[in-house]
Amino acid sequence: MQPSNGRYRPGGGGPDSTAENQDGHSPTSPHARYEDPWYDALASGWGEPDGTGVPAPAAVPAARAGLPTREAHARDVYLEVQRSAAFQEVRSRYRRFVVPGAVLFLGWYVGYVVTATAAPGLMARPVAGAVNVAMLAGAGQFLTTFLFTWAYSRHARLRRDRAALELRWDTQELTRGSRGGAL
């Protein structure tokens, strides 16, 4: 079909096409127009002509140097919290768990895939009846996924959540103070 703005659309003829559609109409006829009101709507401020033939000026936000005092103070609160020892400790606890866990998990996964492709004889070795090494290793992948998820949520609950909640509370109190007590 032909879009109403004359641009080419796959599956329908472009503005230069002279072929006919299934209903016998040419793609440029009014019967084959693409009538989507949102497709042709122009967004304001995108450099489209504003009716005078002159491109509209770009609506670029001003630099942050001229922030109002209240917003600048709220920004400083967040930067101060980010630099605090409590925030750094929460981030450190997170990294100390996630980085080794992710390395171990990805190593186990890559090891499974490499073994399955490089040593099919080993993976096909029967363990009990129709169950072979590959089936046990595949089930182990699922088991370790659930185990890692459980360990992550336990670690977060015991070692990070309380400190992160206190930091969030303090940050909200400080920014609320910067806004004059408003929410």
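Atom set for the values below is all heavy atoms of this structure, side chains included, hydrogens, waters and symmetry mates excluded.
Within 6.0 Å of atom CZ in R159, 12 or fewer heavy atoms from other residues, nucleotides or ligands are found, so the atom counts as exposed in its surroundings. A 6.0 Å sphere centred on CZ of F87 holds more than 12 heavy atoms belonging to other residues, nucleotides or ligands.
Of the possible donor and acceptor atoms, none in the side chain of T115 sits under 3.5 Å from a partner among the backbone N and O of Y112. Of the possible polar contacts, one joining the T171 side chain to the L167 backbone as a donor-acceptor pair under 3.5 Å is found.
Y109 is not connected to L143 by any chain of hydrophobic side-chain contacts under 4.5 Å among Ile, Leu, Val, Met, Phe, Trp and Tyr, and they are in different clusters. Grouping the Ile, Leu, Val, Met, Phe, Trp and Tyr side chains by contacts below 4.5 angstrom, directly or via other members, places L104 apart from W108. No chain of hydrophobic side-chain contacts below 4.5 Å, direct or via other Ile, Leu, Val, Met, Phe, Trp or Tyr residues, connects Y78 to L174.
Nearest heavy atoms, R95 versus P100: O-CD, 3.6 Å. Residues H155 and R93 approach most closely at CE1-O, 3.3 Å, considering heavy atoms. For the pair V90 and A164, the tightest heavy-atom approach, listed with the atom from each and the gap, is CG2-N, 4.2 Å. Pairing each heavy atom of N132 with each of V127, the nearest pair is C-CG2, 3.8 Å.
Rounding to the nearest 0.5 angstrom, the gap separating the CG atom in L136 from the CE atom in M123 is 9.5 Å. Rounding to the nearest 0.5 Å gives a distance of 12.5 Å between CZ of R168 and CD of E173. Rounding to the nearest 0.5 angstrom, the gap separating the CZ atom in R83 from the CG atom in D76 is 8.0 Å.
A salt bridge between E89 and R96 is present, with a side-chain N of the basic residue lying under 4.0 Å from a carboxylate O of the acidic one.
Taking the ring centroids of F148 and F97, they lie under the 6.0 Å cut-off.
Side-chain N/O atoms of S153 and R157 include no donor and acceptor closer than 3.5 Å.
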